[in-house]
Amino acid sequence: MKRYVYINDDESAHDLYCDNRISNRKYTVLNFIPKNLWEQFSRFMNQYFLLIACLQLWSLITPVNPASTWGPLIFIFAVSATKEAWDDYHRYLSDKKANEKEVWVVRNGIKKLIQAQDIHVGNIVWLRENDEVPCDLVLIGSSDPQGLCYIETAAMDGETDLKTRVIPSACMGIDVELLHKIKGVIECPTPNKDIRRFDANMRLFPPFIDNDICPLTIKNTVLQSCYLRNTEWACGVAVYTGNETKLGMSRGIPEPKLTAMDAMIDKLTGAIFVFQIVVVMVLGIAGNVWKDTEAKKQWYVLYPDKGPWYELLIIPLRFELLCSIMIPISIKVSLDLVKGLYAKFIDWDHRMVDLETSTPSNATNTAISEDLGQVEYILTDKTGTLTENKMIFRRCCISGIFYGNENGDALKDVELLHAVSSGSPDVVQFLTIMAICNTVIPTQSKTGDILYKAQSQDEDALVQAAAHLHMVFFNKSGNILEVKFNSSVLQYEVLETLEFTSDRKRMSLVLRDCQNGKILLLSKGADEAILPYARTGQQTRNFVEAVEQYAHLGLRTLCLAWRELREDEYREWSLMFREANSTLVDREWRVAEVCQRIEHNLEVLGVTAIEDRLQDGVPETIETLRKAGINFWMLTGDKQNTAIQIALSCNFISPEPKGQLLSIDGKTEDEVRRSLERVLLTMRITTSEPKDVAFVIDGWALDFALNHYRKAFTELAILSRTAICCRVTPSQKAQLVQILKSCDYRTLAIGDGGNDVRMIQQADIGVGISGREGLQAARAADYSIGKFRFLKRLILVHGRYSYNRTAFLSQYSFYKSLLICFIQIFFSFISGVSGTSLFNSVSLMAYNVFYTSVPVLVSVLDKDLSEETVIQHPQILFYCQAGRLLNPSTFAGWFGRSLFHAVVVFLISIHAYAYDKSEMEEVSMVALSGCIWLQAFVVAMETNSFTILQHLAIWGNLAGFYAINWIFSALPASGMYTIMFRLCRQPSYWISIFLMTAAGMSPILAIKYFRYTYRPSKINTLQQAERLGGPILSLGTIEPQPRPLIEKDVSTLSITQPKNRNPVYEPLLSDSPNATRRSSGTPFDFFQSQSRSSLPNYSRNCKDN
Amino acid sequence: MSSSGAAGAGSTDSTAARRNTKRPKYSKFTQQELPACKPILTPRAVISAFLLVSVVFVPVGVASLLASRKVCLRDIMYDSKCIPKNVTNKVAYIQSSADKACSITLNVTKHMKSPVYIYYQLDNFYQNHRRYVKSRSDEQLRKRGEENETSTCKPEDMVNGRAIVPCGLIAWSLFNDTYSFSVNKRNLTVNKKGISWKSDRNHKFGKDVFPKNFQNSSIIGGAHLNESIPLREQEDLIVWMRTAALPTFRKLYGKIEEDLKEGELINVTLNNNYNTYSFNGKKKLVLSTTTWLGGKNDFLGIAYLTVGGLCFFLALAFTIVYFVKPRQLGDPSYLSWNRNPGGH
């Protein structure tokens, strides 16, 4: 399971590992046709159609010309094959470009310019500034004296900030010339796709240093597709090449997502298939019986006395072919087409363009727009999704003194400024930690301004704030950090960096103060990751209170702490640290454990509070979507109190007494179980009450709940419309999505950062906010939007319309196919059950391809309700969520309609064209015309809003039908020569057609009218209200009123009975064991007191800007 | 900042669009804002639609019915009459070579204006049977050079290795009863020219295609054809080869181009050759005039009256319901969420 890379060994690796030829192509010229066909035929529908098409080649059984199936089939195949070929050709071109790019590689000790595809594992590759990295390299040299280099990883994870990479310690200080001759071995894992980990070791061969094993991490690598920036040159050893690079391994086509609607359509197709088989069997048996009894007497048919052995099969097979049109061949193509258009509508939508960054919305996945209309659960991230992720340092608490409490901005707090200028040691130390305990890279622009490249917004805010308070972090060269404080420059040498991980929740630096040589440990992290490790004897109560207070205000808090290390303590520990860093197995865990050994006995300095403003329109969006019956879960890595506060301020949960928040917590498995059971009990009791009950759980308890009490938790998940999960890890987010999915809920996950990617990929629909945390989430997502508030439009407008349109389109496709198929079946009863087709091949082919597909395609423009009405009455989404427009019963309606229309068309054509007029071609065209007229009227009746395009398509299609048939009637060679001209001259033709239309449509109109007026669905009522103009206006003005009323209610209630807590949940909270993590005893106080103070706070913030 | 951005959206719109190419193009279509008309089913519209349909349909139905009634049609079923009483095995009789002449009389009950069309009607005859309807070769009929195009004609494609012209079951089973008419001992001339479709004569049947090897096989089907007359002029064949879609059909035999007066007795001398006895088919001789709507067929008239009446009834019913139980359209109180705003 390991790979040994011999550095600069020209021979050994050639055969062992692939070269650096990148190939993203699926096909070659030779295998394109077979492979593509194979792929297309792996779908059931295609297999079915191919079987039908093949059977049609047997002229004995084919009712019509085989072209009527082969034509559309080949067309459909050609379309998708061309698309594939086109995509593959483009992949080939870009591969070629990458492969033929010239790079400098050491060959036989000399640098040579070769094509990128000729790089082999073990080669030393030289990069210059702004070069793209051709394969995964382990750095061994850099122009920087400290061995640093900067890379941009935008192509990999979308993050545009520069990242530092460093050469391994073993290669430090090797002369450039010697780098050409360096030899050694790198022991690294087999290729994998984890772009965050690279646990390897390197050993250089003599004469380079001794046999010391040097650990390598991802920090020592530069990966394919990154760019080298701000570094003159760098060189590295190729460890993974070609398609085995980390990027190459993580490529690959994601599983196609199937919408609930697709599944339903498949199910209905299956049902129709079964129906078809039954029909075929019945007719086949009837046909054989008729043949053996009646047809033998019909001398003119001249049946041979003894037929071939397969004779019994002939008639059933004929009927199979005759009925094969029951499953519309065009449905797949039509659906793909309209789905593409739905996606385009999303891309085009001007109202979903983020004006600040002018990012339009984008539908990456074009196939699942209908699912947007069926969402039942939205799982949302908090930071950057609900909030702007624009961090601003607002308050702090240093050694028990609160700054910024009066004016809400510590940077303008006179006391703090005074403390800074007077050089209070705690404050200075606090500022130092703010400025340097991070991974920020300061760069100086040409104008002399200092720009910070930070990976985390919090760090950026802290560094900025420190700079504002005269502690300017202005240079980082290698391990030396330079800080300017009140015009004196302080230097620090970084000894070790104890990185931030989501498990540790803190980061630390070990550094040497160059002024006095002391070794310091600076830590920064979440309160629960810092405060428990405070120096014994230090009172942390102050800080706990500060954290509580800030959290109530919805601020993000970080605790800062430090301590001095003894020289020997540091030395001892650093050995352990190095050892842990060079382990190959469980390195992360081992490192965390070692870090733990030094991060204790901390002198806690204070707490910073950073504000992350709520995005515009978030409360409205959440309220609207909740009215639409969508349940919201908030999954955040943030603290419980902050999360609850944000949840309150964005309408996520309602304040008392309307809402009720239940808490699940506990340190041990047993406590969690009890807590969970109690919450579940409360939930069951309160489901009948019109109350918004939510539960809140933290990552720790969630872990137990997910692993041990999955069943109970799942039940809770079903009962609860709202949940807040705090302190959750990315994988827990994904697990939660999975739980909801396993209960058959349609889930939508929305997030913005790398930690949301798993959840986004796991959910039925993943939405990424293209925000400040990079584009990672947006790339992995099916839809990317600029702001959270666009979600409302995405779901209510685009999702809902897509659902409605597809529901109509798919059922209509079946309707029209069944219509013509039923007529064929009826006709077979008067043609001796012999499987004669009433319609000729041309008509059958054109029926599916032209006559009926065009009008229905413009149904993509149909809007049953205007966008404004839907937004005003989001409850209407229920029809989509519950699948009211496409389900077996609506389908049965369409089935019945096609049966009824087939009866009408058939009876009228055979009776009106009886006796002397019963000429086959004429009857066939009369019946076909009847179908076309009926389907035009059906589309017209089911269309809710007619744009010019719809009129064109519906009535133009009718005209087109006559045009096409006149053309065919003008060709002497065609079977229907002159037929259409003859018919159009006959009054009886037109009379029959109008009769069919009236007889077919009037019952449908009557039923529809009756339902519409006397049994209206909510959609109908809204349509009427919207179009009649009157009541909708009053509705519109009524609508906003309830909210202020309720709010007033809340405030009055909370004043008169401020401690009115429901006895059911009280004990829950009092026996909460985790006192540090929650406010002391009465966590719901803030529902009354804080909600009022924080809400204006937010609204004020919005107004300010 | 964002709120001001939203507020200023209108004014900065055009500049933003120009500045940034990422911004999608604006058009009414892309924004799904094409002007649309949104009809709804108001009682007035629906009731007047139904009334309109009934107002149009009832007169049309009456006119159709009148037209159909104006048609004067005399028919007589002769398949059993023209079998001598003593014959027990009708099939054997009809297949024998005996003289099958038969004489029947038709009395004209109503004045029949010229032209009077003569049809023969067959019942229970499946010209639309799959085996039958496909057994023909249009190429062969059209062009002399393609007389070997008989692959679609099985089983009547070749005889003794030579192609049959016209091939196929349809031609082979050509109807062969003949009729001659006389009134008061005066023979009525039957015009057999122009009974087929002109387009068929001109384009589907060649003028240089002559029957060949026809009815030469072991089993004789129907009529023989005169081998010296080109197919184009064999109008009985052309008529027969326009296959019927129904098992009961009439085909034109000829036209009598003089008026038949009321009370006249028409003597029909016919040769009862065609075998319908083996499958219990019926044969009818039909004399009929025609109108703008075609022959006698009450169906359209009755159907129109029915649909018109039904629509009138629906209009009436909806009107009554509308007045008895008025219902305000779009009443927001029907929205359940307006009734109990607390929840669902």
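Not measured: the values here are computed from a predicted model.
- Proximity to chain B involves both the backbone and the side chain of A/I908, based on heavy atoms less than 4.5 angstrom apart.
- Looking at B/S68, its side chain never comes within 3.5 Å of a backbone N or O of B/S64 through a donor-acceptor pair.
- Neither the backbone nor the side chain of A/T943 comes within less than 4.5 Å of any heavy atom of chain B.
- Proximity to chain B involves both the backbone and the side chain of A/V301, based on heavy atoms less than 4.5 angstrom apart.
- Of the atoms belonging to A/I61, it is backbone heavy atoms, and not side-chain ones, that fall under 4.5 Å from chain B.
- If you measure heavy-atom distances from A/D349 to chain B, the contacts under 4.5 Å come from both the backbone and the side chain.
- Residue B/Y277 does not touch chain A at all, counting heavy-atom pairs closer than 4.5 Å.
- Only the side chain of A/L861 comes within contact range of chain B, judged by heavy atoms closer than 4.5 Å.
- Using modelled atom types, no side-chain atom of B/W172 and backbone atom of A/Y300 make a donor-acceptor pair closer than 3.5 Å.
- Ranked by non-hydrogen atom pairs under 4.5 Å with chain A, the options B/Y132, B/F125, B/F249 are led by B/F125.
- Only the side chain of B/N297 comes within less than 4.5 Å of a heavy atom in chain A; its backbone stays farther off.
- Of the atoms belonging to B/E156, it is side-chain heavy atoms, and not backbone ones, that fall under 4.5 Å from chain A.
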